[in-house]
Amino acid sequence: MDKTVTKKSEIVIDALQYAHDHNLDINNMGDVQKILDILDPDHKENTTEFMELLKTSETFMNMKAEENTGKALN
């Protein structure tokens, strides 16, 4: 896998975990900026784009969790 894709995936996972641990809302631009201040101190990520990426990733993970829960019940 491309190193850029791997790095982006890692920061997204870390950001979602950080948001959860610190009760931050990934739908709030200020909270996403707080996350990026910690995880991206060089400010390489665009806040708006990163927020959309977080929301998309969270939606996908929730869908997979629901799918896996349904399989476990069968």
Side-chain angles (χ1 to χ4, degrees):
M1 186 183 295
D2 183 330
K3 286 183 181 183
T4 304
V5 173
T6 301
K7 271 295 231 197
K8 183 72 79 167
S9 298
E10 289 173 356
I11 194 171
V12 167
I13 291 167
D14 290 346
L16 290 170
Q17 186 64 55
Y18 187 86
H20 176 75
D21 292 348
H22 295 88
N23 199 31
L24 297 172
D25 182 2
I26 63 167
N27 298 297
N28 178 295
M29 185 74 68
D31 284 354
V32 172
Q33 187 59 59
K34 288 177 188 175
I35 294 166
L36 286 174
D37 287 344
I38 298 300
L39 299 178
D40 182 37
D42 296 329
H43 300 287
K44 294 178 182 177
E45 297 293 335
N46 175 287
T47 305
T48 303
E49 291 175 7
F50 194 73
M51 185 169 83
E52 291 303 315
L53 184 57
L54 289 176
K55 291 191 298 189
T56 301
S57 299
E58 182 180 56
T59 299
F60 175 76
M61 290 186 342
N62 287 338
M63 288 171 42
K64 290 305 272 180
E66 287 177 18
E67 181 182 304
N68 290 337
T69 300
K71 287 180 183 175
L73 295 175
N74 291 328

**OP:** Begin with the C-alpha distance, continue with both residues' side-chain angles, and end with the deciding distance and a verdict on side-chain contact (heavy atoms from CB on, under 4.5 Å) for Asn62 and Glu58.
**Re:** CA-CA 6 Å; Asn62 287 338; Glu58 182 180 56; 3.7 Å; yes
For the student: nearest non-hydrogen atoms of [X] and [Y], plus distance:
{"X": "Asn46", "Y": "Glu49", "answer": "OD1-N, 2.9 Å"}
{"X": "Asn28", "Y": "Gly30", "answer": "OD1-N, 2.8 Å"}
{"X": "Ile35", "Y": "Ala19", "answer": "CD1-CB, 3.7 Å"}

Distance in Å, [X] [atom1] paired with [Y] [atom2], rounded so as to fall on 0.5 Å steps:
{"X": "Gln17", "Y": "Asp21", "atom1": "CD", "atom2": "CG", "result": "4.5 Å"}
{"X": "Glu45", "Y": "Leu39", "atom1": "CD", "atom2": "CG", "result": "10.0 Å"}
{"X": "Asp40", "Y": "Thr47", "atom1": "CG", "atom2": "OG1", "result": "8.5 Å"}
{"X": "Gln33", "Y": "Thr48", "atom1": "CD", "atom2": "OG1", "result": "9.5 Å"}

**OP:** Using the side-chain contact (heavy atoms from CB on, under 4.5 Å) rule, pick out the option among Val5, Val12, Ile11 that qualifies with Ser9.
**Re:**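 Result: among Val5, Val12, Ile11, Val5 is the only option passing the side-chain contact (heavy atoms from CB on, under 4.5 Å) with Ser9.
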Original post:
How would you list, by chain and number, every residue that makes a side chain to side chain contact (heavy atoms under 4.5 Å, CB included) with Lys55, sequence neighbours excluded?
Top reply: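 Lys55: side chain to side chain contact (heavy atoms under 4.5 Å, CB included) contacts with Ile26, Asn27, Met51, Glu52.
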**OP:** Report, as yes or no, whether the 6.0 Å neighbourhood of atom CG on Asn23 holds more than 12 heavy atoms from other residues, nucleotides or ligands.
**Re:**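 Incorrect, the count does not exceed 12.
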Original post:
Are the side chain of Asp31 and the backbone N or O of Asp25 linked by a donor-acceptor pair below 3.5 Å?
Top reply: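 It does hold such a pair.
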Subject >> Single-linkage hydrophobic cluster, 4.5 Å side-chain cutoff, Leu54 and Ile13 together >> reply: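 Looking at the clustering, Ile13 is in a separate group from Leu54.
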Subject >> His22 side chain reached by Ile38 side chain, heavy atoms, under 4.5 Å >> reply: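 The answer is no, as the side chains (C-beta and beyond) never meet within the 4.5 Å cut-off.
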**OP:** Would you please test Leu53 and Lys8 for side-chain contact (heavy atoms from CB on, under 4.5 Å) and show each step?
**Re:** CA-CA 10 Å; Leu53 184 57; Lys8 183 72 79 167; 3.7 Å; yes
